[in-house]
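Naming convention: chains lettered A, B, ... in sequence-line order (proteins, then strands); numbering from 1 in each chain.
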2 protein chains.
Amino acid sequence: MAMRVGVIGCGQFGLVLAAHASRCGHATTLWARTPSECEPLVRTRRSPRLPGFALPGAVAITSDALVALNGADLVITAIPSQYARSVWSVLGGSLPPSSVLVSVAKGLEVGTLQLPSQVLRECVPGAEVVSLSGPSIASEVGSGLPTALVAAGKLDAARLVQRALGGNSWRVYVSEDQIGVEVAGALKNVIALAAGMIDGMQLGTNAKATLLARGIAEIARLGVELGGQRETFFGVAGVGDLATTCFSPEGRTRTLGERLGAGATLAEALASMHSIVEGVDTCRATVALAAARRVDMPLARAVHGVLFDGLAPRDALAGLMRREGSAERL
Amino acid sequence: MAMRVGVIGCGQFGLVLAAHASRCGHATTLWARTPSECEPLVRTRRSPRLPGFALPGAVAITSDALVALNGADLVITAIPSQYARSVWSVLGGSLPPSSVLVSVAKGLEVGTLQLPSQVLRECVPGAEVVSLSGPSIASEVGSGLPTALVAAGKLDAARLVQRALGGNSWRVYVSEDQIGVEVAGALKNVIALAAGMIDGMQLGTNAKATLLARGIAEIARLGVELGGQRETFFGVAGVGDLATTCFSPEGRTRTLGERLGAGATLAEALASMHSIVEGVDTCRATVALAAARRVDMPLARAVHGVLFDGLAPRDALAGLMRREGSAERL
């Protein structure tokens, strides 16, 4: 069933989601925030944010958000976590009441420590928010490679997203555990920073695989405390997303961590990136949230130490290897 | 506390375990089955099985198993799953009664469908068997890179292994879930064949990460049915080992799968490998075991189809993408 789909945000993920929605047969409009972003996109169908990718001709592009929102059955918000509030405080009133709002941001808002769907519900009271998450490095999704995602929210809305976006090499699972799916999506970026550091220190795949296992255990502890279901963390949106983020050479968060592991300061590493890296702010928010909830998150604390407290990655690792405890905490 | 350690088997893992035990300060003797394996190892300290690796001078090498077993506190058996019975049927009587037998094989015995510790207990009645498993690509372990493993068995014996082999960049967790740890170690090789096929078909990291998540869920289903604990599969010896096996470019099982994914037949792919690939026999045993226990293992069945029934990897994948079910089964 063809729908009208609006995509808010033209970062990497906004671009490939607009392309996918269009390939699924939906009338798709992509919103670029400023005319200076919009104009070259209209003219070339390409973006410096995702080299090699071209937006299908059928995707309409606009810098007028109302055009993207008007009459949309599905609105996909691909605005980074720290900017969603400012954007949706303005746009919220224009979201058609019957539309489903699909959130693909992966992070925690600094200050409020809220998940993306919680921010959206504050900005757009009454909105039906579905979180869409899973292993989805943008360049691969843009190339049409097989992709599995979880649509989490109220069952009817999640199923609508499944019907709308499943197919064309996508497999979409539905879940009612929105908190679990969003916690997993946010916190994987913190662990991905550590994975990058391991790469930067050239410590090998075994170490990174251990990090993945210990990382998802730590994420699940916080997620369960926040109301998520333990199983979610061991599914596609949990350990699946964590794996692609830790192992794909293309992920921005892992790449930033790699530069830190190789000896760069945070300022130097950030200066070398061309787009927003969700993990940095989310690490700050995660450590605050873990402290507030009294959940022990040694990996997140170690990453925080490297990012903000001048801890050397090697010393952070040594501290983790020295920890007490003879059995694995799961 | 310095011990006497015997290492039975001079494949990749036997070599690096002997080196590690020696670096831990233990008097270590490595058994090579035949004089023709033993002699060049004694002369060069190197093996064509693990290029770049050199055995420390302190490791004694013998082709007389009794020399390796005599007075050993710890005996590490690094014989592939399909050969352990024939070796230990002969050696079993010479194992010192007070020694702990550490099993590092990862597979299921074809025919009996037994786990390595079950085979060992049949061959060496009364032996205290501890299974040592986790993300441990041999070349990295040999280079002294950080390694985390789980020692699973009776608590006292597992703790002895932890004390003996922990340190020197190794972190050893103890677990009483020997079945879970061994099932995870065996079945990861089946999923790694599928991961290699994804690489051979160039389907990307997102697809491989999805396979990892769906793979560990499937492994856990069988493992729980066999008496393992669900948590084990989401720990270092479960999803951790699976991750390194699926993502390290060096793993033999993944490499074999990659050749199959690129179009080679099983015979062609096997001919190009220089050592035993545990996953092939274990896949056969897994499908038989899953059928006997009535556990649904679609990924293992798909790999079996490619290995033995002439199914093309692309058709196997298409079959998996078409499967029914809107929620993830965890």
query = Do A/Arg214 and B/Val236 come within less than 4.5 Å of each other through their side chains, counting heavy atoms only?
reply = yes
Top of A/Thr147, A/Leu203, A/Ile198 for chain B proximity - count of heavy-atom pairs under 4.5 angstrom = A/Leu203
query = Is any side-chain heavy atom of A/Leu193 closer than 4.5 Å to a side-chain heavy atom of A/Leu256?
reply = yes
ask   = For A/Ser139, is it the side chain, the backbone, both or neither that has a heavy atom under 4.5 Å from a heavy atom of chain B?
value = neither
inquiry  = Quick check: do B/Asp177 and B/Ile179 have side-chain heavy atoms less than 4.5 Å from each other?
reply    = yes
query = Checking B/Ser175 against chain A: side chain, backbone, both or neither under 4.5 Å from a heavy atom?
reply = neither
ask   = Counting heavy-atom pairs under 4.5 Å to chain B, which of A/Ala158, A/Ser136, A/Cys246, A/Gly166 comes out on top?
value = A/Ser136
request  = Go through the atoms of A/Gln202 and report whether side chain, backbone, both or neither lie under 4.5 Å from a heavy atom of chain B.
outcome  = backbone
key: Contacting moiety of B/Val150, where chain A heavy atoms sit under 4.5 Å   = side chain
query = Any side-chain heavy atom of B/Asn206 within less than 4.5 Å of one from A/Val141?
reply = yes
message = Heavy-atom pairs under 4.5 Å with chain B - which of A/Thr210, A/Leu242, A/Asp241, A/Leu211 has more of them than the others?
response = A/Thr210
Region of B/Leu320 that comes under 4.5 Å of a non-hydrogen atom in chain A = backbone
inquiry  = If I measure from the heavy atoms of chain A, does B/Leu212 come under 4.5 Å with its side chain, its backbone, both, or neither?
reply    = side chain
message = As an exercise: rank B/Pro146, B/Ala207, B/Ala148, B/Ala243 by heavy-atom pairs under 4.5 Å with chain A and give me the winner.
response = B/Pro146
